[in-house]
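I have placed the structure first, in the form of structure tokens, so that the comments after it can refer back to it.
First listed ligand is number 1; within each ligand, the first listed atom is number 1.
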Amino acid sequence: MSQVEAPTQAFIAGSWLETGRTFEVRTPIDRQVIAQVADCGPEEARRAADAAVEAFAAWKQATAYERAAVLRRWYELMMQHAEGLARTMTLEMGKPLREARAEVRYAAGFVEWYAEEAKRVYGEVVPSQFPHKRLLALKQPVGPVFAITPWNFPAAMITRKAAPALAAGCTVILKPAEQSPLTALYLAKLWEEAGGPPGTLQVLPAQDPVPLSEVLISDERIRKLTFTGSTEVGKLLYEKAARTMKRVSLELGGHAPFLIFEDADIEKAVEQAMIAKFRNIGQSCVAANRLYVHARIKDAFAEAYAARVRRMKVGNPLEEDTEVGPLVDERALEKVQAHVEDARKRGARVVAGGQVEGLTFHPTVLVDVAPEARILQEETFGPVAPILAFEDESEAIQYANRAPYGLAAYVWTRDLSRAWRVAEALEYGIVGVNDGVPSTPQAPFGGMKYSGVGREGGKWGLEEFLEVKYVSMALP
Ligand code: NAD
């Protein structure tokens, strides 16, 4: 155990193992080392692959009711350990404690939902044109899965993959982000306590993700790769996975537009744009990165928004009322600073925030941002909101769809016809209409264009871990 309640060894084939090598996990709060975690490489990857294959044979044969019972118990344990999980997340990646608590509920929500849905993996009987034939479409688990997750939602990004995979009858080898292995190991401990059989869920922390991933991606027995992270890495892994023809799901970067029309409820739009932008200190793939406001109300909106942003409580993320704490690491801070500096050089004005203390970048609002500024092209992944103007609906849609990404978009209007038109025209996998927080376990989550391939959540998330087997049966 480390300074937090989580284990620090790798979890392979149902055992907690030292690997002879460790790496440091440092908290962004004061950069102190909070744990030394077992470092896994190719050897551990091979061992885990063998165990995942062996465990798959039995896990896929277990009844859906048996799998559902383990998932349900896992959910209950996560809720019992909510405070420990939340503190672990806050310590390892710096999100405010109250947001970490909300993430535990969200993460556990996937486990609860898939515990129920495990029992509803139905096949179909297809009518035949011949009286003696019966055509059946059966659903079967795809096989052992390799999952790679990011640090920004250390619990939810894991359960959103592992819960449907395990419900479907797949086994999972998880490589968590090097910044946040402790939450992953904590979840594995709870899976063990819930009665998850050895080899069904394994966690392999690694300082360098490449050597271990190479082994698992090139292993033909691993039938699926599911990845959440940057578009850059996603593209690389997509190519590699093609060589063994794996099923692939990719949840990648985003650059969400937040459109506010002149008839919107401004007060609500301000409040929801606060959450959509500053949740997780802006380190979210669905973060509202470009606030486009109708020209007639832009100044009023910017003023109200900046006033609200200036009131945000900046501080230690372990304190109850903190809304903005440190960014995850130095590299993240440098990127945010570079984006703000670049926008400034091109004429942008900072109307709130802009200060830096340690790893904390104060929540910031920019106006007069030039269209070619980096902050409008690339994910900033930090607490900076650029406010821009549009003249009419078609211009708003054009601006919104300009990004190469297509994950989440938001629309604020009281006009129902416009809400439909704009929602349909946006090239995004998720659209929040007068809703800044659309994500929920039972709904499909995923992107178009450079934001990825496939969906997580709801029945769609389960399909990602199922094969369809067609059986044509002629009656003798
Ligand atoms: P990242 O791509 O650098 O890392 C993500 C994971 O991939 C980590 O576990 C990392 O160790 C691993 N990784 C990195 N290079 C690898 C390689 N060559 N081979 C194998 N594994 C490798 O991303 P990040 O900085 O950790 O996370 C932030 C990114 O994730 C942002 O772009 C964000 O938008 C995206 N994200 C997307 C979603 C979504 O659902 N679409 C959700 C959360 C985060």
Side-chain angles (χ1 to χ4, degrees), residues 23 25 37 39-42 45 92-93 95 103 106-107 110 146-161 173-181 183-184 203-218 222 225-241 248-256 279-289 327-336 378-382 403-408 428-430 438-439 443-457 460-461 464:
F23 65 97
V25 178
V37 173
D39 192 10
C40 294
E92 65 182 350
M93 54 68 67
K95 72 172 63 200
E103 181 177 341
Y106 178 56
F110 286 98
F146 179 33
I148 303 178
T149 51
W151 51 267
N152 65 337
F153 290 94
M157 296 304 96
I158 292 173
T159 57
R160 209 165 70 176
K161 297 180 186 309
I173 301 171
L174 168 71
K175 194 215 74 64
E178 48 278 26
Q179 298 91 337
S180 61
T183 308
V203 177
L204 277 64
Q207 184 163 29
D208 178 355
V210 179
L212 162 155
S213 301
E214 293 281 348
V215 169
L216 293 169
I217 296 178
S218 57
I222 306 295
L225 169 70
T226 172
F227 171 78
T228 298
S230 62
T231 298
E232 190 190 352
V233 175
K235 282 185 189 171
L236 203 80
L237 299 181
Y238 202 6
E239 274 186 44
K240 286 189 183 167
V248 172
S249 298
L250 303 167
E251 295 285 344
L252 310 178
H255 210 306
R279 191 168 63 114
N280 214 26
I281 322 171
Q283 302 167 119
S284 156
C285 52
V286 293
N289 284 350
L327 291 162
V328 69
D329 55 25
E330 290 72 14
R331 207 159 53 107
L333 178 66
E334 279 163 24
K335 188 172 184 192
V336 175
E378 302 166 30
E379 251 186 323
T380 304
F381 237 54
Y405 297 104
L407 188 56
Y428 287 82
I430 302 162
S439 311
F445 187 105
M448 298 176 180
K449 293 155 68 178
Y450 283 87
S451 291
V453 176
R455 292 292 179 272
E456 294 187 331
W460 303 270
E464 299 278 334

[X] versus ligand 1: do any nitrogen or oxygen atoms come within less than 3.5 Å of each other?
X: L252; answer: yes
X: T149; answer: yes
X: R160; answer: yes
X: Q179; answer: no
X: S451; answer: no

What is the distance from atom [atom1] of [X] to atom [atom2] of [Y], rounded to the nearest 0.5 Å?
X: Q283; Y: T380; atom1: CD; atom2: OG1; result: 11.5 Å
X: L252; Y: T228; atom1: CG; atom2: OG1; result: 8.0 Å
X: I222; Y: I173; atom1: CD1; atom2: CD1; result: 4.0 Å
X: L237; Y: I217; atom1: CG; atom2: CD1; result: 4.5 Å
X: M157; Y: F110; atom1: CE; atom2: CZ; result: 6.5 Å
X: D39; Y: E178; atom1: CG; atom2: CD; result: 10.0 Å

Give the atom numbers and elements of ligand 1 that come within less than 4.0 Å of a heavy atom of [X].
X: M157; answer: 42 (C), 43 (C)
X: S213; answer: 20 (C), 21 (N)
X: N152; answer: 43 (C), 44 (C)
X: T228; answer: 5 (C), 36 (N), 37 (C), 38 (C), 39 (C), 40 (O), 42 (C), 43 (C), 44 (C)
X: L237; answer: 19 (N), 20 (C)
X: P209; answer: 11 (O), 13 (N), 14 (C), 15 (N), 16 (C), 21 (N), 22 (C)
X: E178; answer: 10 (C), 11 (O)
X: L407; answer: 41 (N)

- Item | Contact check, W151 vs ligand 1, heavy-atom distance below 4.0 Å |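 The answer is yes, since W151 has a heavy atom less than 4.0 Å from ligand 1.
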Residue and atom name of the nearest protein heavy atom (relative to [atom]), distance in Å to one decimal:
atom: atom 38 (C) of ligand 1; value: C285 SG, 3.0 Å
atom: atom 34 (O) of ligand 1; value: E379 OE2, 2.5 Å
atom: atom 16 (C) of ligand 1; value: V233 CG1, 3.5 Å
atom: atom 27 (O) of ligand 1; value: P150 CB, 3.5 Å

- Any donor-acceptor N/O pair, K175 side chain to C40 backbone, under 3.5 Å: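 Absent.
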- Message: With a 3.5 Å distance limit and no angle check, can you tell me whether N280 reaches the backbone of N152 through a side-chain donor-acceptor pair?
- Response: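 Yes: the side chain of N280 pairs with the backbone of N152.
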Identify each donor-acceptor pair in which a side-chain atom of residues 447-456 lies under 3.5 Å from a protein atom, sequence neighbours left out, and give them as a table.
unit_1	atom_1	unit_2	atom_2	d
K449	NZ	N401	O	3.3
K449	NZ	A403	O	3.1
K449	NZ	E427	OE1	3.0
S451	OG	G253	O	2.6
S451	OG	G406	N	2.9
S451	OG	L407	N	3.2
R455	NH1	G447	O	3.2
E456	OE1	R160	NE	2.6
E456	OE1	R160	NH2	3.1
E456	OE2	K161	NZ	2.7

- Item | Of the listed options A332, P205, A206, S230, closest to atom 23 (O) of ligand 1 (non-hydrogen atoms) |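 Of the listed residues, S230 has the closest heavy atom.
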- Item | Closest to atom 12 (C) of ligand 1 among N280, I148, I217 (heavy-atom distance) |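 Looking at heavy atoms only, the winner is I148.
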- Determine whether the side chain, the backbone, both or neither of E456 has a heavy atom under 4.0 Å from any heavy atom of ligand 1.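 Answer for E456: neither.
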- Message: One residue to check: F153. Relative to ligand 1, which of side chain, backbone, both or neither has a non-hydrogen atom less than 4.0 Å away?
- Response: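 It is neither; nothing of F153 touches ligand 1.
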- Message: Contact between K95 and P154 at the side-chain level, heavy atoms closer than 4.5 Å - yes or no?
- Response: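 They are in contact (side-chain heavy atoms under 4.5 Å apart), so the answer is yes.
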- Close side-chain approach of F445 to P438, heavy-atom, < 4.5 Å: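 No; the side chains remain at least 4.5 Å from each other.
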- Give a yes or no on whether F23 atom CZ has more than 12 heavy-atom contacts from other residues, nucleotides or ligands under 6.0 Å away.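 Yes, CZ of F23 has more than 12 neighbouring heavy atoms, counting only those of other groups under 6.0 Å.
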- Residues in side chain to side chain contact (heavy atoms under 4.5 Å, CB included) with E330, at least two apart?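 Partners of E330 by the side chain to side chain contact (heavy atoms under 4.5 Å, CB included) criterion, ordered by chain and then number, come out as R31, E334, L359.
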- Quick one: does atom 4 (O) of ligand 1 have a protein heavy atom under 4.0 Å from it?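 Under the 4.0 Å cut-off, atom 4 (O) of ligand 1 has no protein heavy-atom neighbours at all.
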